[in-house]
Amino acid sequence: MKSDWQQLLEFDQKHIWHPYAKMPSAVATIGVQKTQGSIITLADNRELVDGMSSWWACIHGYNHPVIQKAMHQQIEIMPHIMFGGLTHQPAIELAQRLITLSPAGLDKIFFSDSGSVAMEVAIKMALQYWISLQQPNKKQLITVKAGYHGDTFATMAICDPDNGMHHIFNQTLRKHHFAPAPQPGFHLDSDDQDIKAFEALLIKHHHSIAAACIEPIVQGAGGMRFYRPDYLKQIQQLCQKHKVLLIADEIATGFGRTGKLFACEWAEITPDILCLGKSLTGGNLTLAATLTTNTVSQVISDGAPGLLMHGPTFMANPLACATAIASIDLLLSSPWQENIQRIESHLQQALLPLNGYSGIKEVRVLGAIGVVELEKGDLGERVQAHAIESGVWLRPFGKLVYTMPAFNIPQEQLKRLTNGMIVAIKTALSEAQD
Ligand SMILES: *Cc1c(COP(=O)(O)O)cnc(C)c1O
């Protein structure tokens with residue numbers, strides 16, 4: 001490695017916070033030189049196959065020429081302009097696409113700059129809806145355990161209260177209602193037990209509940225769990241019955257990851273409010289969106305003050321919107337369903353045999369998501385180090401070693417990815433036994 005890199009990494013370790021990390025960081029972060037497709041080139045020229053899509057986002061791989069062209073064009077025209085009182089083609093054309101593609105009935109849209117903020121806006125919409133209907137007592141939320149909705153204060157309060165990362169703020173956070181997490185299993189037959197617990201909370205507390213918040217089908221950073229569409233369908237029906245809005249957090253699942261364009265489609269539901277982020281720009285720029293129905297927007301607008309009091313500085317950034325348009329058009333013109341099926345069958349074939357291996361609790365696959373849940377939660381760093389030795393980039397957390405590659409990852413790289421993942425897990429497990 002060049003010595004100037006050495007100095008940069010030392011500075012990084014001493015001065016720059018990384019996600020969920022200590023300062024100074026106990027382990028040195030790894031320098032990255034460049035990216036291309038599903039390959040990450042490290043500072044020392046080693047090449048890794050990317051198993052993470054930069055946290056679900058880079059669905060087309062890195063540096064895709066079609067997206068880069070659109071970004072260059074927009075930079076030339078107008079990288080940014082404030083959205084207060086002004087508008088532009090990239091925002092309008094992106095809104096048209098999102099309204100057309102998302103579940104029917106969502107036709108009002110609010111742009112923001114990150115997933116957490118999109119969720120904050122969703123919660124604000126829900127609260128303001130009930131304030132406008134003169135039911136300000138409906139101000140609490142209901143959710144399920146093992147969820148993850150962001151790192152800002154309103155979203156922290158609906159992340160899993162026990163194993164989530166935010167429990168140290170329990171004294172500060174608002175108290176909401178937590179139903180048990182849905183039974184794990186996408187293919188599970190209907191089990192009324194878990195939905196009954198949710199219903200019981202609704203029956204008891206619906207007078208004070210504004211909205212239910214849930215990640216459709218896949219609970220991501222709260223545990224990488226999959227659940228059956230039927231549960232989501234029942235949640236939606238219960239919300240309607242008990243006059244509680246439904247907020248679907250599709251920030252991780254949106255744009256094809258589970259095999260449907262939006263995970264809500266598995267249950268054929270339209271939520272009252274839908275949040276998108278992460279892969280919205282194909283993982284190239286930070287942008288998020290909150291969509292809602294005519295009914296919700298009408299009630300908010302007819303009430304007092306009528307205005308939706310939110311407006312991020314970089315709202316609907318034109319460069320990000322143009323990038324999102326290019327990403328969506330690229331996705332829809334690609335054989336993305338076939339790609340998800342190809343990745344799903346490979347992940348099943350490669351990873352499912354690990355089921356029953358000593359030290360492994362469960363292996364599960366859905367769409368382009370493969371999860372190996374270990375029995376113990378302290379092997380993540382070792383798995384990661386061994387994965388890098390095998391030429392693969394993974395970022396395990398807790399007991400979970402998982403991958404969600406770019407949809408267009410070449411088959412040969414996909415094989416390298418699962419091989420490296422398996423070797424890394426087996427090596428870490430055997431070292432732990434010694
Ligand atoms: C990542 C994520 C968020 C938060 O998005 P940020 O852009 O990191 O703020 C919210 N909900 C879900 C389901 C996510 O996966």
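Only a predicted model underlies this, so the values are computations on that prediction, with no experimental measurement involved. Order of listing sets the numbers, starting from 1, for every ligand and every atom in it.
- Test V401, V371, V372, L366 against M224 for side chain to side chain contact (heavy atoms under 4.5 Å, CB included) and you get one pass: V371.
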So what's ligand 1 close to, N/O to N/O, under 3.5 Å?
unit_1: ligand 1; atom_1: 5 (O); unit_2: S116; atom_2: N; d: 3.4
unit_1: ligand 1; atom_1: 7 (O); unit_2: G115; atom_2: N; d: 2.8
unit_1: ligand 1; atom_1: 9 (O); unit_2: G115; atom_2: N; d: 3.4
unit_1: ligand 1; atom_1: 9 (O); unit_2: S116; atom_2: N; d: 2.7
unit_1: ligand 1; atom_1: 9 (O); unit_2: S116; atom_2: OG; d: 2.6
unit_1: ligand 1; atom_1: 11 (N); unit_2: D249; atom_2: OD1; d: 3.3
unit_1: ligand 1; atom_1: 11 (N); unit_2: D249; atom_2: OD2; d: 2.7
unit_1: ligand 1; atom_1: 15 (O); unit_2: K278; atom_2: NZ; d: 2.6

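- A salt bridge is defined here as a Lys NZ or Arg NE, NH1 or NH2 lying under 4.0 Å from an Asp or Glu carboxylate O, and R228 with D194 meets this definition.
- Using cut-offs of 30° and 60° for the angle between ring planes, the W56 and Y402 rings count as tilted.
- Applying the side-chain hydrogen bond (donor to acceptor under 3.5 Å, both in side chains) definition to pairs two or more places apart or across chains, those involving residues 25-35 are D12-T29, Q33-N45, T35-N63.
- Among residues at least two apart or in separate chains, salt bridge (Lys or Arg N to Asp or Glu O under 4.0 Å) pairs with a member in residues 360-379 are K361-E373, E362-R364, R364-E373.
- The stretch residues 82-97 participates, sequence neighbours left out, in these side-chain hydrogen bond (donor to acceptor under 3.5 Å, both in side chains) pairs: Q89-E93, R97-D329.
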